[in-house]
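Residue numbers run from 1 in the order of the sequence given.
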Amino acid sequence: MKRSRLLAICLTIISANTYGQKQLEATIHKAIAKAWPASVRMWGYDTASKQQMSAQFSAVVVSPDGDILTAAHTSTPGKTYRVMFPDGKEAIALALGKIEMADDPTIPDVSMMKIITPGTWPYAEMGYSSSLKLNQPCISIAYPESLSQPLPGVRFGIITSLGNERGFLQSTCAMEPGDSGGPLFDEQGRVIGIHSAISVEESLNYEIPVDLFRKYRTALAIAKKYNAFPANEDPISKDPLAAQPSQYDAVFSTAKNACLLITSKGDSIYGTAFPNAYVVSKSSMVGNEPQIHIGGKVFKASIIRRDRENDLVLLKMQEPVKGGITLAKTKPDSISFKQLGQFLVSPRLDTTNAVSVVGTLPFSLPKINSTGFLGASIAQKSGPLLLTFVRKNSPAAANELKVGDEVISINSVTLNKAENFTAAMQQFWPGDTISISLKREGNIYTRQIVLSEKPKIPATHPAEMFAGGKSTRRDGFERIFAHDAIITPKQCGGPVFDAAGNFMGINIARYSRTSTVVIPSEVVWKFMQELAF
């Protein structure tokens, strides 16, 4: 069953002990505020050379003196790791015990660490996986590698299995690389599981039950790899909060009629309607002759302006249409910490709305995947800027650039350092034309080259194989925030509302398995501020 459907079931359960939507949001935010300070970003760290020695992963501190829970596949007993807290504090931790079965090292994936830097540390309370119930709300606070941000992202979901055949809990809190070892919390902000693995579908995520850490905490305090469950077991007490209700009744109010379908250049994308027949959408997915579909009718639209930096396009329908989102006359407030975990709704025209939560504070995404593609590279060293590689079927190859050619200038700007070449290419977008001058066998020649999009790399990891995949243009934004809505690239361009129906922004890209990114309402407001509504 799809994650959005599962969430809809959870959020519409009516029982004798239900909470309203406002109470649910308040409960979730309180849990986030409690759990956030202890949710840490980590990587292997050589204390002598002061160098990073592994990919980043996530973890959680569960005692004031620095006990850390994480996944076994992230750690090696006896090795040191860098611990980075959301408030900017840092420490060094030592990896202690971990449990990996001899016949299957992927289970139970249990590991502990200990902060060895002197101090008292923020920590989260440990919950009880034995008292969990199906459809119980849960919260992930972790550090997805794709976003590479110093602050964690928040995701909301429900418990879908209390223990599968491999011993893992299952939840709909989506994960991806970098989240491994990160904490799963209950609605009281207590650790109930640790992120371990995923399947292809976004709703299939596997968590290490926290009771395993309780049961083997004494054994795990020794820096040792166990290939079977340790004989030394600790007693597990009963959950003092087990009787508290965990079902909610949340009713979402949305302005679905503000979401429209746009077709152009043989493709489709959502749009967001505003008064006086104006529509805003994702520019890179809208061609020069767009048509807008409303209630079975098709309306022609003209392009008023494009904003390449924010990937926004403003359209004007050629016939008057009522309705649309009325922008505030004053600049809306930006996303703040108090809104983390706040419910959001993204209308979808062909299925149920996507329910999500505010997952991050506003941040910027540098232009990496969205840079114009030349298909030629140089060595990052001093001396002449010689091409060391020219990719087949690339714009460089089509214009007969060759390995060994010396790059002289781009758009008449002379380049004399490798970093100048990289910086120059970083400015351009797919479709831009550059004038590049090169030297070959003592002769200068110049080519006018139209840059293309970067070639797509076939997905091999489950985190890259979700339905619909990533948006082609998904970075190069100065101000966005992320949420955990499951939408496809063709469902971007539409509006995002909070549960009360307030306009929060426009879905601009499906960024990764865990994240859809939003152009906030204040950026949309600035884009449209010259119009009279």
Side-chain angles (χ1 to χ4, degrees), residues 38-47 52-63 65-84 91-117 121 123-124 126-130 140-143 145 163-170 175-184 191-198 205-236:
S39 303
V40 295
R41 184 188 193 194
M42 300 190 68
W43 55 60
Y45 190 70
D46 187 318
T47 56
Q52 180 177 341
M53 303 300 290
S54 76
Q56 76 169 49
F57 58 96
S58 302
V60 61
V61 180
V62 293
S63 72
D65 58 348
D67 289 337
I68 295 175
L69 309 185
T70 189
H73 71 265
T74 68
S75 68
T76 301
K79 296 290 186 180
T80 50
Y81 293 81
R82 187 175 180 179
V83 186
M84 292 155 279
I92 300 298
L94 179 70
L96 301 176
K98 72 175 184 177
I99 309 173
E100 293 179 338
M101 296 295 102
D103 58 344
D104 186 353
T106 63
I107 57 175
D109 207 15
V110 171
S111 178
M112 277 186 58
M113 297 183 178
K114 181 78 169 186
I115 294 177
I116 56 178
T117 303
W121 307 101
Y123 69 97
M126 291 174 66
Y128 298 81
S129 47
S130 60
S140 166
I141 304 180
Y143 297 80
E145 189 175 56
N164 65 11
E165 68 280 0
R166 293 167 56 79
F168 293 110
L169 301 172
Q170 287 179 221
M175 291 186 267
E176 65 177 61
D179 292 324
S180 290
L184 187 74
V191 182
I192 54 173
I194 296 294
H195 299 330
S196 178
I198 63 172
N205 305 276
Y206 305 101
E207 319 280 355
I208 307 159
V210 74
D211 283 358
L212 284 176
F213 293 91
R214 287 185 174 277
K215 188 173 183 178
Y216 298 109
R217 192 162 182 172
T218 298
L220 290 169
I222 301 171
K224 176 182 177 180
K225 178 181 176 182
Y226 298 92
N227 290 128
F229 284 114
N232 187 6
E233 298 182 4
D234 300 327
I236 302 175

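Note that CD1 of Ile194 and CG of Leu69 are 5.0 Å apart. Values are rounded to the nearest 0.5 Å. Note: Ser196 OG to Leu184 CG = 12.0 Å, rounded to the nearest 0.5 Å. Interatomic distance, CD1 of Ile208 versus CD1 of Ile107, reported as 11.5 Å (0.5 Å rounding). Atom CE of Met42 and atom CD1 of Ile92 lie 8.5 Å apart (nearest 0.5 Å). Note that CD1 of Ile99 is 7.0 Å distant from CG of Leu212, once rounded to the nearest 0.5 Å. The line from OG1 of Thr117 to CG of Leu94 is 11.0 Å long, rounded to the nearest 0.5 Å.
Residues Thr74 and Ser111 form no side-chain contact, since every pair of their non-hydrogen atoms from C-beta on lies 4.5 Å or further apart. Counting only heavy atoms from C-beta outward, the side chains of Asp67 and Val62 approach each other to under 4.5 Å. You'll find the side chain of Val83 stays beyond 4.5 Å of the side chain of Met113, heavy atoms only. Counting only heavy atoms from C-beta outward, the side chains of Tyr128 and Arg214 approach each other to under 4.5 Å. For the pair Asp65 and Lys114, the minimum side-chain heavy-atom distance is below 4.5 Å. The side-chain heavy atoms of Lys79 and Met53, taken from C-beta on, include no pair separated by under 4.5 Å.
Pairs of residues two or more places apart, or lying in two chains, that qualify as salt bridge (charged side-chain N to carboxylate O under 4.0 Å, His left out) and include a residue from residues 102-113 are Asp104-Arg166.
The main-chain N or O of Glu100 is found under 3.5 Å from a side-chain atom of Asn227 such that the two form a donor-acceptor pair. Within the 3.5 Å criterion, the main-chain N or O of Trp43 finds no donor-acceptor partner in the side chain of Ser54. Remark: the backbone N or O of Asp211 is paired with a side-chain donor or acceptor of Ser129 at under 3.5 angstrom. Proximity of a side-chain donor or acceptor of Thr70 to a complementary backbone N or O of Ser58 within less than 3.5 Å is detected. Between the Tyr226 side chain and the Ala219 main chain, a donor and an acceptor come within less than 3.5 Å of each other. No donor-acceptor pair closer than 3.5 Å links the side chain of Tyr143 to the backbone N or O of Gly182.
Closest of all the heavy-atom pairs between Asp234 and Arg217 is OD2-N, 3.2 Å. Between Ile68 and Val61 the shortest heavy-atom distance is CG1-CG2, 3.9 Å.
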Practice prompt. Give the intermediate values and the outcome of side-chain contact (heavy atoms from CB on, under 4.5 Å) for residues Arg82 and Gln52.
Written response: CA-CA 8 Å; Arg82 187 175 180 179; Gln52 180 177 341; over 6 Å; no
Practice prompt. Kindly indicate, with the supporting measurements, whether the criterion side-chain contact (heavy atoms from CB on, under 4.5 Å) is fulfilled by Phe57 and Tyr81.
Written response: CA-CA 10 Å; Phe57 58 96; Tyr81 293 81; 3.7 Å; yes
Worksheet item: Do Val110 and Lys98 pass the side-chain contact (heavy atoms from CB on, under 4.5 Å) test, and can you show the C-alpha distance, the side-chain angles, and the key distance before you say yes or no?
Response: CA-CA 5 Å; Val110 171; Lys98 72 175 184 177; over 6 Å; no
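Ring geometry for Tyr206 against Phe168 counts as tilted: the plane angle lies between 30° and 60°, on a 0 to 90° scale.
Ser180 pairs with exactly one of His195, His73, Gln56 by the side-chain hydrogen bond (donor to acceptor under 3.5 Å, both in side chains) rule, that one being His73.
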